[in-house]
J.: 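Here you go, one structure.
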Amino acid sequence: MINEIRDTPRALACVLDMSKLIEHVAEELYGRGIRRLLLTGCGSSYYAALAAVEASGSPFSFEAFPSSELLFYKAKLAPEGSAVVGISRSGRTAETVAALREAKARGIITVTITCSEDSPMATDADSKIVLDIGEERSIIMTKTFSSLSLASAMLCDRFDRILSGRVKEGWKLEELPEAASRVLKLEEKIKEMANAMRVKEFFIVLGQGPAHPVALEGALKLMETASLMTKALHSLEFRHGPMATVDERVGLLLIALKDDSTPAMARLADEMRQQGLSPIVISNAPELECDLELPWRHDPRLSTPVAIIPLQLLSFYISVNKGLNPDSPRRLHKFVGGF
Ligand code: F1P
């Protein structure tokens, strides 16, 4: 797991090299009358789908659903002109394979974004984007989450450009590998933070807007890797009930990307401290008193592939501190089969 996390900059550079293929798929979809993308996946791949919708900046042209929701409820309601984009590292996750087949049976165009060329999802789909990043050996998904998020965001962005003619300001994709390398330099500091957090029994992970998928995926990493119970929330939702649950056993993580919500996030962190709580703040906003500074200076909507790295490292080191083996997580496999 740790080697795969450290390989993220290289994997992101490989995905950036695929921009021509991704552009081609976007053009092809538009040419076939598609005007809306429904993204779907399970677990980390679903959160990659959510991250891409956030990155698109057009949440009404792109939507994300867990594959099981699409399969049983949403595919039959898909508006005309929709295509379904299945996201999966393995290309074999049962619900995602079934959701794509269900969509296809209903005459909906399907696209697969995966790392596995010969998987059922890659074989079944009308178009495929196979990420050439090398096999991720870790059961826990790390560099592939960043890569799937980036590839999906690139597809949504390309499609949105054709649809709306809008080109996003400050959209600096090429900065991502270098930013990921800068985050990886924080590994020793994160290791110390993990040591201080090893006594926590439960984590609440907060993030809003583009930080929300990061909070969800970070919370999932803590569950999978360190066998901890977690809850991810839109940050300000914390004040509407969940704050009543917090005591010294609960770790609080606040991911705050610099954007329009920054003043509200600064007030939230202050309010927590006034209440005797000690949130761990991970942020790139100078306005916030932060515990870990995220080296990301560009559009916050693009930050997921790097903003997730501190949470992956934290999960890894908490797991090791607890005497667990992150490469052999309890009950987990690389993908989940039939249901
Ligand atoms: C999806 C997934 C992972 C999760 C677990 C089981 O796999 O749910 O996100 O961590 O290992 O599989 P995939 O569809 O991306 O291959």
Side-chain angles (χ1 to χ4, degrees), residues 1-2 4-5 8 11 15 38-52 64-71 84-103 110-125 128-153 155 205 213-230 232 304-305 308-309 311-316 319 324-339:
M1 180 181 175
I2 195 68
E4 299 294 15
I5 298 172
T8 304
V15 176
L38 310 178
L39 288 83
T40 195
C42 292
S44 300
S45 293
Y46 167 54
Y47 300 144
L50 284 175
F65 301 102
S67 302
S68 50
E69 286 294 305
L70 193 77
L71 170 64
V84 168
V85 181
I87 301 169
S88 170
R89 174 173 71 172
S90 64
R92 291 174 167 79
T93 293
E95 295 95 310
T96 316
V97 172
L100 257 69
R101 287 187 179 154
E102 174 68 18
T110 59
V111 180
T112 286
I113 305 179
T114 184
C115 299
S116 176
E117 174 95 61
D118 59 356
S119 62
M121 278 176 61
T123 316
D124 287 356
K128 60 182 174 182
I129 297 167
V130 181
L131 304 185
D132 190 16
I133 59 170
E135 194 197 339
E136 180 163 33
R137 290 177 59 210
S138 160
I139 291 178
I140 305 291
M141 198 194 294
T142 63
K143 71 177 180 196
T144 310
F145 169 76
S146 294
S147 305
L148 289 170
S149 306
L150 174 57
S152 312
L155 179 67
V205 191
V214 179
L216 287 164
E217 172 64 3
L220 181 65
K221 287 307 94 166
L222 285 163
M223 285 194 263
E224 293 180 321
T225 312
S227 295
L228 285 161
M229 288 290 289
T230 64
T304 300
I308 191 58
I309 297 174
L311 291 132
Q312 294 169 342
L313 289 169
L314 211 51
S315 303
F316 176 84
S319 167
L324 300 171
N325 179 359
D327 289 325
S328 185
R330 186 165 61 179
R331 297 194 192 100
L332 298 183
H333 303 281
K334 266 198 158 172
F335 65 94
V336 181
F339 53 90

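Index from 1, following the sequence. Note that the structure is a prediction, hence the values are computed from the model and not measured. Whatever order the structure lists ligands and atoms in, that order sets their numbers, starting from 1.
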J.: Below 3.5 angstrom, do we get any N/O pair linking Thr96 and ligand 1?
T.: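 No, no N or O pair falls under 3.5 Å.
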J.: Does Asn325 have more than 12 heavy atoms from other residues, nucleotides or ligands lying within 6.0 Å of its CG?
T.: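 Counting other residues, nucleotides and ligands, CG of Asn325 exceeds 12 neighbours.
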J.: Checking a contact table here: which protein heavy atom is nearest atom 9 (O) of ligand 1, and how many Å away?
T.: Ser44 N, 2.8 Å
J.: Is any side-chain heavy atom of Ile5 closer than 4.5 Å to a side-chain heavy atom of Leu313?
T.: yes
J.: Answer yes or no: is there a donor N or O on one side and an acceptor on the other, between the side chain of Glu4 and the main chain of Arg137, under 3.5 Å?
T.: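 Judged by distance alone, yes, a pair lies under 3.5 Å.
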J.: Would Glu136 and Thr144 count as having a side-chain donor-acceptor pair, cut-off 3.5 Å?
T.: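 Yes - a donor-acceptor pair under 3.5 Å links their side chains.
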J.: Please identify which atoms of ligand 1 are closer than 4.0 Å to at least one heavy atom of Gly43.
T.: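 The list of qualifying atoms is 8 (O), 9 (O).
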J.: When you compare the side chain of Leu100 with that of Thr40, does any pair of heavy atoms fall below 4.5 Å?
T.: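 Yes, their side chains come closer than 4.5 Å.
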J.: Exactly one of Leu222, Thr225, Ile140 should register a side-chain contact (heavy atoms from CB on, under 4.5 Å) with Ser319. Which one does?
T.: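 So the option named by the test is Thr225.
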J.: If you define the side chain from C-beta out and look only at heavy atoms, does anything of Glu95 sit under 4.5 Å from Pro66?
T.: no
J.: Below 3.5 angstrom, do we get any N/O pair linking Lys221 and ligand 1?
T.: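 For ligand 1, there is no N or O atom that lies under 3.5 Å from one belonging to Lys221.
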J.: State if Cys42 counts as touching ligand 1 under the rule of any non-hydrogen atom under 4.0 Å.
T.: yes
J.: Which of the numbered atoms in ligand 1 are under 4.0 angstrom from any heavy atom belonging to His333?
T.: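 Contacts of ligand 1 toward His333, numbered from 1: 5 (C), 6 (C), 11 (O).
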J.: Do me a favour and list the nearest non-hydrogen protein atom to atom 16 (O) of ligand 1 with residue, atom name and distance?
T.: Ser90 OG, 2.6 Å
J.: Does only the side chain of Arg89 get under 4.0 Å from ligand 1, or the backbone, or both, or neither? Count heavy atoms.
T.: both
J.: What do we get for Glu224 next to ligand 1 when only non-hydrogen atoms under 4.0 Å count, side chain, backbone, both or neither?
T.: side chain
J.: When you measure from the side chain of Lys334 to the backbone N and O of Met141, does any donor-acceptor pair fall under 3.5 Å?
T.: no
J.: Going by heavy atoms, is Val336 under 4.0 Å from ligand 1?
T.: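 Yes.
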J.: Return the closest protein heavy atom for atom 7 (O) of ligand 1 as residue, atom name and distance.
T.: Thr93 OG1, 3.4 Å
J.: Looking at Met141, which atoms of ligand 1 are within less than 4.0 Å of one of its heavy atoms?
T.: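 Under 4.0 Å from Met141, ligand 1 has these atoms: 9 (O), 15 (O).
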J.: May I ask you to list the atoms of ligand 1 that are less than 4.0 angstrom from any heavy atom of Ser45?
T.: 13 (P), 15 (O)
J.: Using the rule side-chain contact (heavy atoms from CB on, under 4.5 Å), only one of Glu135, Arg89, Arg92 pairs with Ser116; which is it?
T.: Arg92
